[in-house]
Amino acid sequence: MNIISFFAGCGGLDLGFAQAGFKTVWANEWDREIWQTYELNHSDTHLDRRDIRKISSSDIPECIGIVGGPPCQSWSEAGKQKGIKDDRGRLFLEYIRILQDKQPLFFLTENVSGMLHMKHEQVLKNIIAALEEAGYQVRFKLLDAVNFGVPQNRKRVIFVGLRQDLGQVFDFEAIKQREALTLQDAIWDLKESTLAAKEKNKPNQACLIANHEYATGGFSSMYMSRNRVRSWHEPSFTIQASSRHAPIHPQANKMINVGRDKFIFDSNSPGFYRRLSIRECARIQTFPDDFIYCYQNLNAGYKMIGNAVPVNLSRALASAIKEQLLSPQAASRQQIYQPRQFKSKFEYYLG
């Protein structure tokens, strides 16, 4: 069950699909800080390092599925929300272009909840129209990873499309949910063994557990605008793609509100305040401990993990897709399919 991965990052989505029985035979990632990590952990996958805009569909192997999450910064609630007007947002066009040309049985893409902001309503409708014109029955839903075996509150929009000749739409209710996990479930055994990064947040080679080092440095006023500590019995805050915004380890007391959008650390806390380590963030994103991250600066490690799809969420999605593709109804209708051609360029749909 060969699939292709775009905007692969370090490969959280790919690993979850592999655990469900798929094989990523070809992946694309242009960020050079990620290449070594991806190739180390996905040695059987060919990694194409080019900008997706320079890749011809004929360069891509045949597959039954295409997965990947185009960059989310242009849709983020924390950003300027330029959406499709941002070059990164328009990379969705390239994903659709290749989907149209390759015609796999399914696709899956993931993005931040900000994509559902009312200011993007028309663009979202146009994206759905373009995906449908490409030959797919499309469904999307906002999911919280905490419901799928991920010890973290992390809301993301998931789009799944099944090729129209299969005569089905993806059933989000078929995704198997799991009991919510906590920080204690995920990282309790790591609490005594972490080390601080070296000067200027360089890796600490003395770590006994790979990547179990935490970033140091000050905290911005934006960071201090709300509590950043979750207790051991709670799931983590969302793991973000930045060392400066990593949550604080649960050994410390929650931060104290001293004014509007202003919190401080509790001086009476029995535990000191430190950021979660890279390995702790990876555990919270449900990566296994033998998944090794390569970086020259810790921020690159936090970025890779924060941008990834949690492995357990990916596996749950992949398992539901696999089950639906193997259903008698879908299996009997799988054939080489040629959708009608676009009547106009993608830009027409996306405005």
Novice: Has the side chain of Arg163 got a donor or acceptor atom that lies under 3.5 Å from a matching backbone atom of Gln103?
Specialist: yes
Novice: Which atom pair, heavy atoms only, marks the closest approach of Ala27 to Thr24?
Specialist: CB-CG2, 4.3 Å
Novice: Which pairs pass salt bridge (charged side-chain N to carboxylate O under 4.0 Å, His left out) with one or both residues in residues 28-43, sequence neighbours excluded?
Specialist: Asp31-Lys303, Glu39-Arg49
Novice: Would you call Leu143 and Leu317 a side-chain contact if the rule is heavy atoms closer than 4.5 Å?
Specialist: yes
Novice: Is it true that Asp171 and Arg139 make a salt bridge, defined as a side-chain N closer than 4.0 Å to a carboxylate O?
Specialist: no
Novice: If you group Ile, Leu, Val, Met, Phe, Trp and Tyr by side-chain heavy-atom gaps below 4.5 Å, do Phe237 and Val146 land in one group?
Specialist: no
Novice: Taking the side chain from Glu213 and the backbone from Asn204, do they hold a donor-acceptor pair closer than 3.5 Å?
Specialist: yes
Novice: Quick one: does any side-chain atom of Asn28 pair with a main-chain N or O of Asp48 as donor and acceptor, under 3.5 Å?
Specialist: yes
Novice: Could you note down all residue pairs passing salt bridge (charged side-chain N to carboxylate O under 4.0 Å, His left out) where residues 238-258 supplies at least one of them, sequence neighbours left out?
Specialist: Glu234-Lys254
Novice: Atom CD1 in Ile175, atom CD in Gln177: separation rounded to 0.5 Å?
Specialist: 8.5 Å
Novice: Cluster partners of Met118, using ILVMFWY side-chain heavy atoms under 4.5 angstrom, listed by chain and number?
Specialist: none
Novice: When you compare the side chain of Arg275 with that of Arg228, does any pair of heavy atoms fall below 4.5 Å?
Specialist: no
Novice: Would you please test Tyr38 and Asp14 for side-chain hydrogen bond (donor to acceptor under 3.5 Å, both in side chains) and show each step?
Specialist: CA-CA 10 Å; Tyr38 189 93; Asp14 302 6; 2.6 Å; yes
Novice: Run through Leu276, Asn227, Ile284, Leu183 and flag the one making a side-chain contact (heavy atoms from CB on, under 4.5 Å) with Pro247.
Specialist: Leu276
Novice: For Asp101, give me all partners under side chain to side chain donor-acceptor pair (under 3.5 Å), at least two apart in sequence or on another chain.
Specialist: Ser57
Novice: Who are the side chain to side chain donor-acceptor pair (under 3.5 Å) partners of Thr182, not counting sequence neighbours?
Specialist: Asp185
Novice: For residues Val25 and His46, determine if any side-chain heavy atom of one lies less than 4.5 Å from a side-chain heavy atom of the other.
Specialist: no
Novice: What residue pairs, at least two apart or across chains, pass ring-ring contact (aromatic ring centres under 6.0 Å, His included) with a residue in residues 172-193?
Specialist: Phe170-Phe172, Trp188-Trp232
Novice: Between Gln137 and Glu132, is there a side-chain donor-acceptor contact under 3.5 Å, judged purely by atom types and distance?
Specialist: no
Novice: Salt bridge check: are Arg97 and Glu94 linked by an N-O gap of less than 4.0 Å?
Specialist: yes
Novice: Quick one: do Phe291 and His42 satisfy ring-ring contact (aromatic ring centres under 6.0 Å, His included)? Show the steps, please.
Specialist: CA-CA 10 Å; Phe291 195 101; His42 306 274; 5.8 Å; yes
Novice: Donor-acceptor pair, distance only, cut-off 3.5 Å: does the side chain of Arg230 make one with the backbone of Pro235?
Specialist: yes
Novice: Measuring only between side-chain heavy atoms, which start at C-beta, is Ile128 closer than 4.5 Å to Phe140?
Specialist: yes
Novice: Can you name the side chain to side chain donor-acceptor pair (under 3.5 Å) partners of Ser225, sequence neighbours left out?
Specialist: none
Novice: Can you get from Val157 to Leu131 by hopping between Ile, Leu, Val, Met, Phe, Trp and Tyr side chains that sit under 4.5 Å apart?
Specialist: yes
Novice: For Leu142 and Ser113, which heavy atoms make the closest approach, and how far apart are they?
Specialist: CD1-CB, 3.7 Å
Novice: Should side-chain heavy atoms under 4.5 Å link Ile, Leu, Val, Met, Phe, Trp and Tyr, which residues sit in the same cluster as Phe263?
Specialist: Phe219, Tyr223, Met224, Val229, Ile248, Met255, Phe265, Tyr273
Novice: Measure the shortest side-chain to side-chain distance between Pro250 and Ile187 over non-hydrogen atoms and say whether it is less than 4.5 angstrom.
Specialist: yes
Novice: Looking at Lys141 and Glu173, is any side-chain nitrogen of the basic one under 4.0 Å from a carboxylate oxygen of the acidic one?
Specialist: yes
Novice: Who else is in Ile256's hydrophobic cluster (ILVMFWY, side-chain heavy atoms under 4.5 Å, direct or via others)?
Specialist: Val258, Ile264
Novice: Would you please test Trp26 and Thr45 for side-chain contact (heavy atoms from CB on, under 4.5 Å) and show each step?
Specialist: CA-CA 5 Å; Trp26 186 99; Thr45 301; 5.5 Å; no
Novice: Closest approach of Thr216 and Asn201, non-hydrogen atoms and distance?
Specialist: N-OD1, 2.9 Å
Novice: Taking the side chain as C-beta and beyond, is there a heavy-atom pair between Ile292 and Arg279 under 4.5 Å?
Specialist: yes
Novice: Transitive ILVMFWY cluster of Trp30 at side-chain heavy atoms under 4.5 Å: who else is in it?
Specialist: none
Novice: Any non-hydrogen side-chain atom of Leu162 less than 4.5 Å from a side-chain atom of Gln324?
Specialist: yes
Novice: Which word best sums up how the rings of Tyr214 and Phe272 line up, parallel for under 30°, tilted for 30 to 60°, or perpendicular for over 60°?
Specialist: tilted
Novice: Are Ile3 and Ile158 linked, directly or through intermediate hydrophobic residues, by side-chain heavy-atom contacts shorter than 4.5 Å (ILVMFWY only)?
Specialist: yes
Novice: Decide side-chain contact (heavy atoms from CB on, under 4.5 Å) for Gln152 and Thr238; before the verdict, give the C-alpha distance in whole Å, the side-chain angles of both, and the deciding distance to 0.1 Å.
Specialist: CA-CA 6 Å; Gln152 171 191 181; Thr238 299; 3.9 Å; yes
Novice: Taking ring-ring contact (aromatic ring centres under 6.0 Å, His included) as the test, write out the residues that go with His212, two or more places apart.
Specialist: none
Novice: Should Val160 and Val311 be counted in the same cluster of Ile, Leu, Val, Met, Phe, Trp and Tyr side chains packed under 4.5 Å apart?
Specialist: no
Novice: For the NZ atom of Lys198 and the CD atom of Gln205, what is their distance to the nearest 0.5 Å?
Specialist: 9.0 Å
Novice: Might you work through the salt bridge (charged side-chain N to carboxylate O under 4.0 Å, His left out) test for Asp44 and Lys23, ending with a clear yes or no?
Specialist: CA-CA 9 Å; Asp44 293 334; Lys23 181 179 180 180; 5.9 Å; no
Novice: Can you tell me which residue among Ser314, Ser5, Ser319 is in a side-chain contact (heavy atoms from CB on, under 4.5 Å) with Phe17?
Specialist: Ser314
Novice: Could you check if a side-chain atom of Met115 sits within less than 4.5 angstrom of a side-chain atom of Ile127, using non-hydrogen atoms only?
Specialist: yes
Novice: Could you pull out the closest heavy-atom pair between Asn312 and Thr286, with the gap in Å?
Specialist: N-OG1, 2.9 Å
Novice: Determine all donor-acceptor pairs shorter than 3.5 Å in which one atom belongs to a side chain in residues 58-67; sequence neighbours excluded.
Specialist:
{"residue": "Ser58", "atom": "OG", "partner": "Ser56", "partner atom": "OG", "Å": "2.8"}
{"residue": "Asp59", "atom": "OD2", "partner": "Arg50", "partner atom": "NH1", "Å": "3.3"}
{"residue": "Asp59", "atom": "OD2", "partner": "Arg50", "partner atom": "NH2", "Å": "3.3"}
{"residue": "Asp59", "atom": "OD2", "partner": "Ser56", "partner atom": "N", "Å": "3.4"}
{"residue": "Glu62", "atom": "OE2", "partner": "Lys102", "partner atom": "NZ", "Å": "2.9"}

Novice: Closest heavy-atom contact between Ala215 and Ser243?
Specialist: CB-CB, 3.7 Å
Novice: Between Phe148 and Phe287, is there shared hydrophobic-cluster membership here, with clusters defined by ILVMFWY side-chain heavy atoms closer than 4.5 Å?
Specialist: no
Novice: Closest heavy-atom contact between Asn297 and Pro203?
Specialist: N-CD, 4.4 Å
Novice: Are the side chain of Gln285 and the backbone of Ile239 linked by a donor-acceptor contact shorter than 3.5 Å?
Specialist: no
